[in-house]
Amino acid sequence: MDDTQVRKLAQIAHRKKIPAGQTIISDEEPVDFFANVISGAVKLTKTLPDGRQQIVGLLFAPDFLGRAYSKNNPYTAEAATEVEICTFPNAAFERLVGEYPGLQQRLFQHTLDELDAARDWMLLLGRKTAQEKVASFLYMLARRSLQTACGHRAERESAAFELPLTRSDMADYLGLTIETVSRQLTRLKTRNVIRLSSNRLIMVPDMSRLVQAAGQDDNRH
């Protein structure tokens, strides 16, 4: 985007900070804004008719939150950690998207990225072992922690990050029990694939070992 486009986008933007645990968007209410995640983690959940919830996705900077050209949202978005977002009114944002092809192309790329991520998660839930599921989740977080402000991954052999989810939420997201998640984290620590500096702080001394434990090819991501 050129300076004029950025300036017009900034004119309709509004930044806000949201504490951990607060609902940002509910799947039961119409949504009149679109947002960009600036910092923190957002968890997306779906509620079944009997009240049970399932975590269906996680958003980090610089992901988009909400759905353009739609007044309803298919999921509930909750701040998993303290989150800062930049919101845009739907109508004004959609006008800019129609005016500037660059924005339209970015939204299209975002949709394709979401589709790829959904297919990868289907593979993880359906075919991967418990260890591969936990390692894949940690690998996703490690890659996110290495992203620069412009959204590109930094090339580094190690990483450190804080878990945005509780053990219970991790189990829900991965289709495992809490005990299995804790057991697999301990095994990865014992094998020196990860280091647990605290209950939430994870250190990855060698990214290639985490990739191997996750059972995937780093070149694809």
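Since the model is a prediction, treat every value here as computed from it, not as a measurement. For this chain, numbers begin at 1 and follow the sequence in order.
The minimum heavy-atom distance between Asn36 and Pro62, with the atom names listed, is ND2-O, 2.9 Å. The two atoms that bring Val204 and Phe161 nearest to each other are CG2-CE2, 3.9 Å, heavy atoms only. For Pro164 against Leu141, the heavy-atom pair with the smallest separation is CD-CD1, 3.6 Å. Of all heavy-atom pairs spanning Ala41 and Phe60, the tightest one is CB-CE2, 3.5 Å. Nearest heavy atom pair, residue Val37 against residue Val42, reads CG2-CG2, 4.4 Å. Closest approach of Val193 and Ala213 over heavy atoms only: CG1-CB, 4.4 Å.
Under the 4.5 Å side-chain contact rule for hydrophobic residues, Val181 and Leu196 share a cluster. Tracing side-chain contacts under 4.5 Å through hydrophobic residues (I, L, V, M, F, W, Y), one never reaches Ile38 starting from Leu65; they form parts of separate clusters.
Ion pairing between Arg144 and Asp63 holds under the 4.0 Å rule for side-chain N and carboxylate O. Using a 4.0 Å cut-off between charged side-chain N and carboxylate O, Lys43 and Asp169 make a salt bridge. With respect to the salt-bridge test (charged N to carboxylate O, under 4.0 angstrom), the residues Lys17 and Glu82 do not qualify.
With rounding to the nearest 0.5 Å, the separation of SG in Cys86 from CG in Leu9 is 7.0 Å. Summarising the geometry, atom CD1 belonging to Ile85 is positioned 13.0 Å from atom CZ belonging to Phe64; distances are rounded to the nearest 0.5 Å. Interatomic distance, Met140 CE to Leu138 CG, rounded to the nearest 0.5 Å: 9.0 Å. Interatomic distance, CE of Met207 versus OG of Ser158, reported as 8.5 Å (0.5 Å rounding). Interatomic distance, CD of Glu162 versus CD1 of Ile202, reported as 10.0 Å (0.5 Å rounding). In this structure, the separation between CG on Asp113 and CD on Gln109 is 4.5 Å, given to the nearest 0.5 Å.
Classified by interplanar angle (parallel below 30°, tilted 30° to 60°, perpendicular above 60°), the ring pair Phe88/Phe93 is tilted.
Between Leu58 and Tyr173 there is a side-chain heavy-atom pair separated by less than 4.5 Å. Side-chain contact between Arg209 and Asn192: present, with at least one pair of heavy atoms (C-beta onward) separated by less than 4.5 Å. Using a 4.5 Å cut-off on side-chain heavy atoms (C-beta onward), Arg15 and Thr87 make no contact.
In this structure, a donor-acceptor pair under 3.5 Å is absent between the side chains of Thr23 and Ser26. Checking Gln131 against Arg183 by side-chain atom types alone, no donor-acceptor pair falls below 3.5 Å. If you check the side chains of Glu94 and Asn90, you find no donor sitting under 3.5 Å from an acceptor. Ser136 and Lys128 share a donor-acceptor pair across their side chains, judged by distance under 3.5 Å alone.
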side-chain contact (heavy atoms from CB on, under 4.5 Å) between Leu44 and Glu78, intermediate numbers included: CA-CA 7 Å; Leu44 308 178; Glu78 178 186 321; over 6 Å; no
When you look at Lys16 and Glu84, which way does the salt bridge (Lys or Arg N to Asp or Glu O under 4.0 Å) test go after all the steps? CA-CA 6 Å; Lys16 61 171 63 174; Glu84 184 174 9; over 6 Å; no
Would Lys8 and Tyr100 count as a side-chain hydrogen bond (donor to acceptor under 3.5 Å, both in side chains) if you check the C-alpha gap in whole Å, the side-chain angles of each, and the deciding distance to 0.1 Å? CA-CA 11 Å; Lys8 285 190 175 183; Tyr100 298 115; 3.3 Å; yes
Decide side-chain contact (heavy atoms from CB on, under 4.5 Å) for Ile25 and Thr76; before the verdict, give the C-alpha distance in whole Å, the side-chain angles of both, and the deciding distance to 0.1 Å. CA-CA 5 Å; Ile25 295 175; Thr76 293; over 6 Å; no
Pair Thr166, Met170 - check side-chain contact (heavy atoms from CB on, under 4.5 Å), show working. CA-CA 6 Å; Thr166 63; Met170 283 179 61; over 6 Å; no
Under the criterion side-chain contact (heavy atoms from CB on, under 4.5 Å), I'd like the reasoning laid out for Phe137 against Leu163: C-alpha separation, chi angles, the key distance, then a yes or no. CA-CA 10 Å; Phe137 177 71; Leu163 286 173; 4.1 Å; yes
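Of the possible polar contacts, none joining the Thr45 side chain to the Gln53 backbone as a donor-acceptor pair under 3.5 Å is found. In this structure a side-chain-to-backbone donor-acceptor pair under 3.5 Å is present from Glu132 to Thr129. Thr190 places a side-chain N or O within donor-acceptor distance of the main-chain N or O of Thr186, the cut-off being under 3.5 Å. Checking side-chain atoms of Thr81 against main-chain N and O of Gly40 turns up no donor-acceptor pair under 3.5 Å.
Annotation for Glu99: atom CD counts as buried by contact number, over 12 foreign heavy atoms lying within 6.0 Å. A 6.0 Å sphere centred on CD of Gln54 holds more than 12 heavy atoms belonging to other residues, nucleotides or ligands.
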